[in-house]
A.B. asks: 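What follows is a single structure, and I will ask about it in a moment.
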Amino acid sequence: MSLEDELLRQRADAIGKIEALGFLPYGNRYDYSHTIPEILADHSERTGEDLEANRTSVRICGRIHTIRRMGKAGFSHLAQNGAQLQIYVRKDAVSEKDYELYQLLDLGDIIAAEGYLFRTRTGELSVHVEKLVFLAKTLLSMPEKWHGIEDVELRYRQRYLDLIASPESRQVFLTRAKVIASFRRQLDARGFVEVETPMMQPLYGGAAARPFTTHHNTLDIDLYLRIAPELYLKRLVVGGMERVYEINRNFRNEGVSTQHNPEFTMLEFYQAYTDYEGLMDFSCELLNQTAIDATGSPKVTYLDQALDFSAIQRFTMREAVIEYWPDSASRPMADNVADPDWLLSHSSKSTAGEALVEIFERVAEPKLIQPTIIYRYPVETSPLSKQSLDDPAFTDRFEIYAAGMEIGNAYTELNDPQEQRRRFQMQLAMRERGDEEAHQMDEDYLRAMSYGMPPTGGEGIGIDRLTMILTNSRSIRDVILFPLLRPEGEIGIAERLRALDP
RNA sequence: GGGCCGGUAGCUCAGUCGGUAGAGCAUUUGACUUUUAAUCAAAGGGUCGCGGGUUCGAGUCCCGCCCGGCUCACCA
C-alpha cells in the first residue's frame, strides 16, 4: 500500500471514529460569533489581565493549520480568511468526547471551537477551548507547513491548495478584486453603465487577433469567442447609452507566455462626446486611484523598479522612438521618424505606419517601465480609430505602458461610416496579403454607425497585466486563479475513494 | 514552434564516478497540562514523469515521448 493510500485509509478510519463519538463527519451550518480576522482586529491589543478580568467568549471556526499535542493538552492554529488564531485544548477543560475528538484531528480538518480568549505564557492571543465541533475531514495531506507549495505547476493546477498554503497568493487575488472594484466604483460614480455584450459572436472584431471557434448545434452555425467587446459596446453608444463599460473575458487563440493567457480580462469603456485627449486625462485619474485603492499608494515596486501611477508620462510614438533610441550616435531626428523612407529602411514592414509601430515596439516598448502614455498611432494599425485632423496618416489613439507591457489602449472612435467602410476594405486587403489578424468586414456594425454615432472616446485596460504590476507578480498566471494548462492526465482519486467506500 | 532548465516519499529537497534510494516536515506508536518550525524515543512509507536502449548492473549514460518553468518568435 502506498503512503498516500495509507494516509487516505487512516483518515477514512478517523471519520468512522469521529462519527462514533457522536459528531457528524461532515457538519452543517455553524454560527460563529466572530471570524478570526475580527477577533484579531478587536482583541489583539488586550492584555492577559484584561482578558482574565473581562472574560470574552467566542465561537470560531476554520481549517487546522498546526497541531501540537502534549499528553493531556495541546495547541492548534485555526485559519480563516487568511488569518490564524491559536486554540488551547486541555483535557480537564473540555468533555471527554471533545478531547477524544481532538486526538483524532488531522492537519487540514475544519472544526469549530468555543471558549474564551486568553494569553498564553508567551503572550499569544488564544482561545481556551470549552467545546469542539467537527465540520469537515481532509482525506488528503496538506502541503508542508514551512515551505508551502513551491511547485508552480501544483499551484496553478490546484489553486485551492496554493490558497490554503500561501497567504501571499491569497493576497494577490484580494488585490485583483480591489482593482476591479475600484474601476467599477470610479466608473459608476461618473455615470457609466455596466453592460454585458456577447462573448459568442458570429463575426469577431475590435482587435487584431486570431479567434477561438465554436459551434451552436441547434442553429448549426459556427461562432467565435470574442477577441474584444468593442463593436458591441459602440453599438450601444449609437443607441444612446452614452457611457458604458464592460469588465469581462476576451479570448485570443495565440501564444501563452508570462504576459499572455488565452482568456484574459479587459475593462472596456466608452464615453460619448469626448476624445482621446479627454481619455488621457481620465486614464491618469483612473489608474492613480486604482493603484491607491489596490495597494494604498500610487507608488508601487515592480521587480525592484519603482513605478509611480501619479506621474504618468506622455510621448507621441515618434517622440518615443527618438527618446528611447539605443545609441546616441545613430539617434534619429524628428524629420527622420516622419520620413517614410527612413522608417522603411529601419524595418521590414511594407508601409511607413507599420514600420513606425514595429520600430517603436522594438526600441521603446521594453524601456517603458514608468507608466507612460504613447499617443498618435499610424492609421494602418488602427482600423477603428479616428484620423488626426492635422495628419490623416495618424489616428487620435494612445496606449498606456508600464513595466514594459501594454496595459491600455484608447482612441477617439471613428464615427464616419463611409470612412469605416474604407478602413474595413483596407483591412480586407491586408488579410488577402496574408495577415490573418486583419479585421473582418462587419456590416451590422457599419449599419449601426450609419444611424449616426456621437463623437466618442473608447478605452480598454488589461486587468490581468495591471494586477501583475500592482501585486509585483512576474507571470500573468500568478494573477489568474486557474490559468490555462494542458490536462494533467489520470488523477485516480475516484478509484481510490471507491476503494474506501464500504 | 525553437533554445535552456526541471519532474526522486503526501509536501520541501539531497542523491558523488553507473554499484542495496536518503533527510526534514507530515503519518503511526510511546512520553509530556501554556506549546508555537514544540521536544524526546521508535516505526512505517518509493511506478526515481512514461517508454525504449547501452550495461553484469541505470535515479544517474543515450534516444523518444509526456508535463511544467524561463526565454525567443507571435500577441494584449
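Quick caveat, the model's predicted, so the values are computed rather than measured. Each chain gets a letter, A, B and so on, in the order the sequences are listed, and its residues count up from 1.
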A.B. asks: According to a strict under-4.0 Å criterion, is T258(A) in side-chain N/O contact with OP1 or OP2 of rU71(B)?
C.D. replies: yes
A.B. asks: Can you check whether any acceptor in the base of rU34(B) is under 3.5 Å from a donor in the side chain of R121(A), or vice versa?
C.D. replies: no
A.B. asks: Consider the side chain of E150(A), meaning its heavy atoms from C-beta on, and name the nucleotide among rA76(B), rG68(B), rU12(B) that approaches it most closely.
C.D. replies: rU12(B)
A.B. asks: Roughly how far, to the nearest 0.5 Å, is the OG1 atom of T258(A) from the CE atom of M468(A)?
C.D. replies: 6.0 Å
A.B. asks: Would you mind pulling out the nucleotide paired to rG1(B), Watson-Crick or G-U wobble, both distances under 3.5 Å?
C.D. replies: rC72(B)
A.B. asks: Between atom CG in L466(A) and atom P in rA76(B), what is the gap in whole Å?
C.D. replies: 18 Å
A.B. asks: Kindly indicate, with the supporting measurements, whether the criterion ring-ring contact (aromatic ring centres under 6.0 Å, His included) is fulfilled by Y232(A) and Y270(A).
C.D. replies: CA-CA 11 Å; Y232(A) 284 94; Y270(A) 291 82; over 10 Å; no
A.B. asks: Within residues 81-101 of chain A, which residues have any heavy atom lying less than 4.0 Å from an atom of RNA chain B?
C.D. replies: Q86(A), Y88(A), R90(A), D92(A)
A.B. asks: Start with the C-alpha gap between I87(A) and I111(A), add the side-chain angles, then the distance that decides, and say whether side chain to side chain contact (heavy atoms under 4.5 Å, CB included) holds.
C.D. replies: CA-CA 11 Å; I87(A) 63 170; I111(A) 63 166; 4.2 Å; yes
A.B. asks: Before you tell me yes or no, could you show the steps for E399(A) and R397(A) under salt bridge (charged side-chain N to carboxylate O under 4.0 Å, His left out), namely the whole-Å CA-CA distance, both residues' side-chain angles and the distance that decides it to 0.1 Å?
C.D. replies: CA-CA 7 Å; E399(A) 293 197 347; R397(A) 173 182 178 190; 2.8 Å; yes
A.B. asks: Nucleotide by nucleotide, 5' to 3', does protein get under 4.0 Å of the base (B), only the sugar-phosphate (S), or neither (-) in nucleotides 23-29 of chain B, counting heavy atoms?
C.D. replies: -BBSSS-
A.B. asks: When we call it a touch if two heavy atoms are under 4.0 Å apart, what does G148(A) touch: a base, just sugar-phosphate, or nothing?
C.D. replies: sugar-phosphate
A.B. asks: Write down the partner of rC61(B) under the Watson-Crick or G-U wobble criteria, each distance required to be under 3.5 Å.
C.D. replies: rG53(B)
A.B. asks: Rounding to a whole Å, what distance do you find between Y411(A):OH and rA76(B):C1'?
C.D. replies: 12 Å
A.B. asks: Which is more 5' along RNA chain B, the nucleotide nearest S126(A) or the one nearest A208(A)? Just name the residue.
C.D. replies: S126(A)
A.B. asks: For the CZ atom on R210(A), are there more than 12 heavy atoms of other groups (residues, nucleotides or ligands in this structure) within a distance under 6.0 Å?
C.D. replies: no
A.B. asks: Could you tell me the separation between the NE2 atom of H65(A) and the P atom of rC11(B), rounded to a whole number of Å?
C.D. replies: 17 Å
A.B. asks: Would you classify R252(A) as touching base, sugar-phosphate or nothing, given that sugar-phosphate means primed atoms plus P, OP1 and OP2, and contacts are heavy atoms under 4.0 Å?
C.D. replies: base
A.B. asks: Just the rounded figure in Å: distance from P of rG10(B) to CG of D162(A).
C.D. replies: 20 Å
A.B. asks: Using heavy atoms to find the nearest nucleotide of RNA chain B for L484(A) and H128(A) separately, return the residue whose nucleotide is more 5′.
C.D. replies: H128(A)
A.B. asks: Inspect the contact between K349(A) and E358(A) and indicate whether a charged nitrogen and a carboxylate oxygen are less than 4.0 angstrom apart.
C.D. replies: no
A.B. asks: Verify, without hydrogens or angle tests, whether S382(A) (side chain) and S385(A) (backbone) share a donor-acceptor contact under 3.5 angstrom.
C.D. replies: no
A.B. asks: Atom pairs under 3.5 Å, N or O on each side, protein against nucleotides 47-49 of chain B: can you list them with distances?
C.D. replies:
none

A.B. asks: Does F23(A) have K97(A) sitting over its ring (NZ/CZ under 6.0 Å from centre, angle to axis within 45°)?
C.D. replies: yes
A.B. asks: Counting only side-chain N and O atoms of R477(A), is one of them less than 4.0 Å from OP1 or OP2 of rG69(B)?
C.D. replies: yes
A.B. asks: Quick check for you: to the nearest 0.5 Å, what is the distance between R376(A) atom CZ and L356(A) atom CG?
C.D. replies: 11.5 Å
A.B. asks: Could D464(A) and R176(A) be called an ion pair, given the rule that one side-chain N must be under 4.0 Å from one carboxylate O?
C.D. replies: yes
A.B. asks: Do L466(A) and T290(A) make a side-chain contact, defined as non-hydrogen atoms from C-beta onward lying under 4.5 Å apart?
C.D. replies: yes
A.B. asks: How long is the gap from CG on N248(A) to CE on M266(A), to the nearest 0.5 Å?
C.D. replies: 11.5 Å
A.B. asks: If you compare every side-chain N and O of R465(A) against the phosphate oxygens of rA76(B) (OP1, OP2), does one of them come in below 4.0 Å?
C.D. replies: no
A.B. asks: What's the closest nucleotide to the side chain of V152(A) if the choices are rA76(B), rC67(B), rG69(B)?
C.D. replies: rG69(B)
A.B. asks: Which part of the nucleic acid, if any, lies within reach of N261(A) when heavy atoms closer than 4.0 Å are counted: base, sugar-phosphate only, or nothing?
C.D. replies: base
A.B. asks: Applying a 3.5 Å limit to both distances, which nucleotide forms a Watson-Crick or G-U wobble pair with rC48(B)?
C.D. replies: none
A.B. asks: Counting only Watson-Crick or G-U wobble pairs whose two distances fall under 3.5 Å, which nucleotide matches rG30(B)?
C.D. replies: rC40(B)
A.B. asks: Just name whichever nucleotide pairs with rG6(B), Watson-Crick or G-U, keeping both distances under 3.5 Å, else none.
C.D. replies: rC67(B)
A.B. asks: Which heavy atom of H439(A) sits nearest to which heavy atom of Q427(A), and what is that distance?
C.D. replies: N-OE1, 2.9 Å
